[in-house]
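Note that this is a predicted model, so its numbers are computed, not measured.
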Amino acid sequence: MHTNLFHIVLLSIFLTFGASSIYSQDIKKTKGIVVKQQNKVTDTIKDSSIVSTDTIKKENDSIKKDSIKPKKAFLDGKVKYKALGYTKLDNKQKLTTLYDEAELYYQDVELKSGIIIMDYEKNEVYAGRIKDSAGKYTQYPNFKQGTNVIEPDSIRFNFKTKKALIWNSKTDQGEFNVKAAITKKENDSVYFLKGARFTTSTNKENPEYYFRTSKVKFIPGKKVITGLTNLVIADVPTPIALPFAFFPMNKETSVSGLILPSYNDSNTRGFSLQNGGYYFALSDHYDLTVLGDYYTNGSYGMRFESSYAKRYKFRGNVNVRFENLINSERGYPDYSKQNIYNIQWSHSRDTKANPNSSFSASVNLGSSKYFRQSINQSNIGSSLNNTLSSSVSYSKTFNIIPQARLSLSATHSQNTQTESINMTLPTLQFSLDRMYPFVGKDGVKKGFFKNINLQYNLNGRNYITTTDSLFFKPEMFRDAQIGFQHSIPLSTNFKIFKYFSASTSVNYEEIWYTKTIRKAYDENQSAVVNTTVNGFDAYRTYNFSASLGTTIYGTFNFGENKKIQAIRHVMRPSVSYAYTPSFEKYYDTYASDASGNMDNKYTRFEGGIFGAPGLTNSNTMGISISNTFEAKVTDKDSTKTEPKKVMLLNNLNLSTSYNLDADGVTALAWSPVRVSTGAQFFENKLNANFAATLDPYAIDNSGQRINTFNIENGGSLFRMTSANITLNYALSSKDGDDDKKDKNTDQTTRNGGREDDLFGTATDLTDNRKSMFDGSEEEGEDTISEFFRSKIPWDMTFAYSFTYGNNNRENKITGNSVMISANTDLTPKWKVGVSTGYDFVQKGVTYTQLRFERDLSSWRMSLNWMPFGNNANWNFFIGIKSGILSDIKWEKRNFNNR
């Protein structure tokens, strides 16, 4: 009787679930309708208790069909479930209970919990915790639907309506961790939360801060809308509250929104709101940020920043900055007003887009005073930079024979001290690859004739010289110079006596200009006047050069048992010769005074962008020797069988030249000797470079070189006219860490700052979320670990520069300074850094910056302080690290000169 009752119950459940339920638990023991598995002890079910499916089919066939249609099953898919403890089926109350590590899967719903109860009459499922042997709650529910995961204390879910009630839910939504006392799931896209708190802290149970609110409307992956919201820090409510709040949470694309400004004050401009604006998420490929500043004295600034990218095509960014700066008040003697601006554009093209063409841009132009006076830049490296440069170029390769290359570029060079600007708009370059007219079909290039090759190069420029005040005004283009340079070099190289490498070349050039000059004496002005002559004109030149060089190796062996086993010397001497004839035919004469004597010569091509033809012969011979010294030393590691190579002197170079046409009056025969070398010490951590200029000739009382050797004038063989030494040393507490990380951002070096932090780290006041921490720090308590007890992490950069000048017997040290930068971790959460230096010539401390930063887990606090100098200032910041809550911050800064 029990067996028949079991089959009837099983059959009814099978029909109710539409034959879609899958039982993962083996039937171990039958008693009533309870199905259990205890301690994994199984009972064997007798063959007599098993009813085959054929018997069931026959019984069904014997039953007449009812005229009333059966009720449609409520489930639209298969239900899979299992439990480690037991599975209990209650057909009377329409319940299925899963206990201990219970799991249920239905469509896109995954539910894991200590206990799961499924009510197939109400179409609902319940899940909750269970207690372990110690009476502690374990196996909290884990509810997953699609990409949304919720970890509550208990949950009630309706399969049909998709609605749910969730108690003490915990879920991750983007950067947010959300916890709510009661959550009501209205449908797949809307949740209502009561007694909720949300935070970006990784500590879900005990966050260091959170936002508490009573009512929340939550749309997963899109937005959170709250009622009255209060900021709580360390479980202590703060006075910071909002009547309502809105948080975008789009996971796929950025969302447009307001950027809240920060409040500050200035000694010279009054109170201000800075860096407020709007972020436009225009598309998946580009965006736009608009920021502005306003000061109570009338100063204001605007910035437009846009980034764009297309995969496998290109990427780049554009920054346009404008500031209207007013100092003091109108009527005061220190009142001033000026406009400054800066334009930056960076663009790079993916090589996969088109391997035969490329387009790139690196633009940094604007007011010469921008980086010194901007109210939103604090970067001494940029403010001390004397040059701004830009380049926009396009190039294309034509796969013909010979291969041809074409490029168009626009360049810009700006001296921020003199405020002079040089531009080319544009530069055209075209070239044909090398051609070997005497190479046979075998393609072998060997010997004098077979190595003869020629090229063709074209260089065209539209050259503009202007100043800041005339930039992009009509006057800027009025004096533009246009020229074209054609060159055809013919060269070859060959061996002489097997050990000598020789090369010769002949170069032909043709220069085209659209403007020339005419010099004449003007009686009205009583001076020589240059008159511009518009029209095409050209000149042609040629020259010859040859060189001969070899390589000599020498090794001094001291024995394998010695610490220094051998020293290897590599010497590369070379002799070169260059001849350029006189092109006097391109020279005319003019009168320098009213006498009418035409005894002064000039060429109408003077001042051209590609120079002018020479009036006299150039007949010089150059001599240079390059030396390298390398040692083989016994390695400290006894397991190594090979000696260790150590570079002693790298490229000890000596070079000079001799003028074969020197007459001893207008030109001296020998040019000064230039000596330079470099060496690395302490496992390549210390780089040392030395250079000096040695003049063999003496000078007269006016400081002019005379045709008398210095040794014949009572001096030494050479007279040192200049010398400089530079030392750079970088070391760290991490042994073997040769690659020191750049502390500055790409924007810093782009603005002209240094890659290292000898001039301090840059501070972009529009984004204070830049950190000294690299993101590898773990969240946790601020404790000093064993690592910090034994060895505190640190790094240091040292630079020394020494310059000596004696060009006119001044015998003077013109430069002598040292710069040091050091950073250390006092604790895993505290970083301290300093950059400073001393100038021994000016007798004063150079630029100094003190840096302090505290990692507050979800928050960050920093202080940058420059205590003295023209750029003395300090900047304090504390705020949430997360980008979604970057407006939750407080910052205070003071610039004495701004």
Open item on the list: Regarding Asp695 and Thr721, do their side chains bring together a donor and an acceptor under 3.5 Å, going by distance alone?
Closed with: no
TODO: For residues Pro573 and Thr550, determine if any side-chain heavy atom of one lies less than 4.5 Å from a side-chain heavy atom of the other.
DONE: yes
Open item on the list: Closer than 3.5 angstrom, by distance alone: can the side chain of Asp839 be matched with the main-chain N or O of Val841 as a donor-acceptor pair?
Closed with: yes
Open item on the list: Counting C-beta onward and ignoring hydrogens, is there a side-chain heavy-atom pair between Ile699 and Arg809 closer than 4.5 Å?
Closed with: yes
Open item on the list: Nearest 0.5 Å, please: how far is OH in Tyr586 from OH in Tyr539?
Closed with: 9.0 Å
Open item on the list: What I'd like to find out is whether the side chain of Thr504 reaches to under 4.5 Å of the side chain of Thr492, using heavy atoms alone.
Closed with: yes
Task: Phe544: ring-ring contact (aromatic ring centres under 6.0 Å, His included) partners, not counting sequence neighbours - done: none
Open item on the list: Is there a side-chain contact between Leu668 and Arg705 in this structure, where contact means two heavy atoms from C-beta onward sitting under 4.5 Å apart?
Closed with: yes
Open item on the list: Quiz question: by atom type and distance under 3.5 Å, do the side chains of Thr467 and Ser469 form a donor-acceptor pair?
Closed with: yes
- [ ] Could you tell me whether a side-chain N or O of Ser671 sits under 3.5 Å from a main-chain N or O of Ser657, the two making a donor and an acceptor?
- [x] yes
Open item on the list: Show, in sequence, the C-alpha distance, side-chain angles and deciding distance for Lys369 and Glu419, and conclude whether the side-chain contact (heavy atoms from CB on, under 4.5 Å) test is met.
Closed with: CA-CA 9 Å; Lys369 298 178 181 179; Glu419 299 188 4; 3.5 Å; yes
Task: By side-chain contact (heavy atoms from CB on, under 4.5 Å) - contacts of Ser547 (at least two apart) - done: Ser503, Ser576
Open item on the list: According to ring pair (Phe, Tyr, Trp, His ring centres under 6.0 Å), does anything in residues 405-431 pair up with another residue at least two apart or in another chain? List the pairs.
Closed with: none
Task: Sub-4.5 Å side-chain heavy-atom contact between Leu654 and Asn627 - done: yes
Open item on the list: Please check: side-chain N/O of Tyr847 versus main-chain N/O of Ser835, any donor-acceptor pairing under 3.5 Å?
Closed with: no
Task: Chi angles and distances behind the ring-ring contact (aromatic ring centres under 6.0 Å, His included) call for Tyr838, Phe840 - done: CA-CA 6 Å; Tyr838 189 81; Phe840 296 96; 5.0 Å; yes
Open item on the list: Taking side-chain hydrogen bond (donor to acceptor under 3.5 Å, both in side chains) as the definition, give me every residue that meets it alongside Arg434, ordered by chain and number, with sequence neighbours left out.
Closed with: Asn453
Open item on the list: Applying side-chain contact (heavy atoms from CB on, under 4.5 Å), can you list everything that pairs with Asp522, at least two apart in sequence or on another chain?
Closed with: Asn524, Gln525, Val529
Open item on the list: Within the structure provided, determine whether Leu406 and Leu428 are in side-chain contact (heavy-atom separation under 4.5 Å).
Closed with: yes
- [ ] Decide yes or no on ring-ring contact (aromatic ring centres under 6.0 Å, His included) for Phe438 and Phe448, but give the supporting numbers first.
- [x] CA-CA 10 Å; Phe438 301 107; Phe448 178 85; 9.4 Å; no
TODO: Tell me, please, which residues at least two apart from Phe536 pass ring-ring contact (aromatic ring centres under 6.0 Å, His included).
DONE: Trp512
Task: Separation between CG of Leu731 and OG1 of Thr797, rounded to the nearest 0.5 Å - done: 8.0 Å
Task: From CA spacing to verdict: side-chain contact (heavy atoms from CB on, under 4.5 Å), Tyr658, Ile623 - done: CA-CA 8 Å; Tyr658 183 80; Ile623 302 172; 5.9 Å; no
Task: Pairing residues for Lys601 by the side-chain hydrogen bond (donor to acceptor under 3.5 Å, both in side chains) criterion, not counting sequence neighbours - done: Glu584
- [ ] Drop me the distance from Phe690's CZ to Leu652's CG, to the nearest 0.5 angstrom.
- [x] 9.5 Å
Open item on the list: As a quick check of understanding, evaluate side-chain contact (heavy atoms from CB on, under 4.5 Å) for Phe471 and Met423, giving each step before the final call.
Closed with: CA-CA 10 Å; Phe471 192 56; Met423 301 184 70; 3.3 Å; yes
Task: Neighbour count above 12 (heavy atom, 6.0 Å) for Phe558 CZ - done: yes
Open item on the list: A side-chain contact here means heavy atoms from C-beta on lying under 4.5 Å apart; do Phe798 and Val818 qualify?
Closed with: yes
Open item on the list: I'd like to know if the side chain of Lys515 and the backbone of Ala480 have a donor-acceptor N/O pair within less than 3.5 Å.
Closed with: yes
Open item on the list: So, applying side chain to side chain donor-acceptor pair (under 3.5 Å) with Gln414, which one of Asn422, Asp468, Asn364, Thr387 is it?
Closed with: Asp468
TODO: Return the set of residues passing side-chain hydrogen bond (donor to acceptor under 3.5 Å, both in side chains) with Tyr800 (not counting sequence neighbours), or none when no residue passes.
DONE: Asn816
Task: ring-ring contact (aromatic ring centres under 6.0 Å, His included) involving Tyr579 - partner list, sequence neighbours excluded - done: none
Task: Between CG on residue Leu458 and CD1 on residue Ile488, distance to nearest 0.5 Å - done: 11.0 Å
Open item on the list: Restricting to side-chain hydrogen bond (donor to acceptor under 3.5 Å, both in side chains), what partner residues turn up for Thr693, sequence neighbours left out?
Closed with: Arg674, Ser722
- [ ] Give a yes or no answer on whether the side chain of Ser626 reaches the backbone of Asn651 with a donor-acceptor pair at less than 3.5 Å.
- [x] no
Task: Test side-chain contact (heavy atoms from CB on, under 4.5 Å) applied to Asn650 and Gln680, step by step - done: CA-CA 8 Å; Asn650 186 20; Gln680 295 179 329; over 6 Å; no
Open item on the list: Could you check whether Ser431 and Gln455, counting side-chain N and O atoms only, form a donor-acceptor pair closer than 3.5 Å?
Closed with: no
Open item on the list: Among residues at least two apart in sequence or on other chains, which ones pass side-chain contact (heavy atoms from CB on, under 4.5 Å) with Ser801?
Closed with: Thr726, Thr803, Ser817
Task: Sidechain-backbone polar pair: Asp700 side chain, Ser702 backbone, donor-acceptor under 3.5 Å - done: yes
- [ ] List the steps, then state whether side chain to side chain donor-acceptor pair (under 3.5 Å) holds for Ser624 with Ser655.
- [x] CA-CA 4 Å; Ser624 66; Ser655 61; over 6 Å; no
TODO: First locate atom CE of Met476, then atom OG1 of Thr465, and finally report the distance between them rounded to the nearest 0.5 Å.
DONE: 9.5 Å
Open item on the list: With heavy-atom distances below 4.5 Å as the criterion, would you say the side chains of Arg572 and Thr628 are in contact?
Closed with: yes
TODO: Scan side-chain atoms only and decide if Tyr508 and His486 contain a donor-acceptor pair under the 3.5 Å cut-off.
DONE: no
- [ ] Go through the steps for Phe709 and Tyr697 under the test ring-ring contact (aromatic ring centres under 6.0 Å, His included), then give the verdict.
- [x] CA-CA 4 Å; Phe709 288 113; Tyr697 291 104; 5.1 Å; yes
Task: Those residues that, when tested against Glu509, pass side-chain contact (heavy atoms from CB on, under 4.5 Å) (two or more places apart) - done: Gln485, Ser487, Asn507, Ile511, Thr541
Open item on the list: Just by distance, no angles: are the side chains of Lys495 and Ser501 close enough, under 3.5 Å, to form a donor-acceptor pair?
Closed with: yes
TODO: Check for a donor-acceptor pair, side chain of Thr846 on one end and backbone N or O of Gly837 on the other, with a separation under 3.5 Å.
DONE: yes
- [ ] Start with the C-alpha gap between Tyr602 and Tyr590, add the side-chain angles, then the distance that decides, and say whether ring-ring contact (aromatic ring centres under 6.0 Å, His included) holds.
- [x] CA-CA 8 Å; Tyr602 82 101; Tyr590 69 96; 5.5 Å; yes
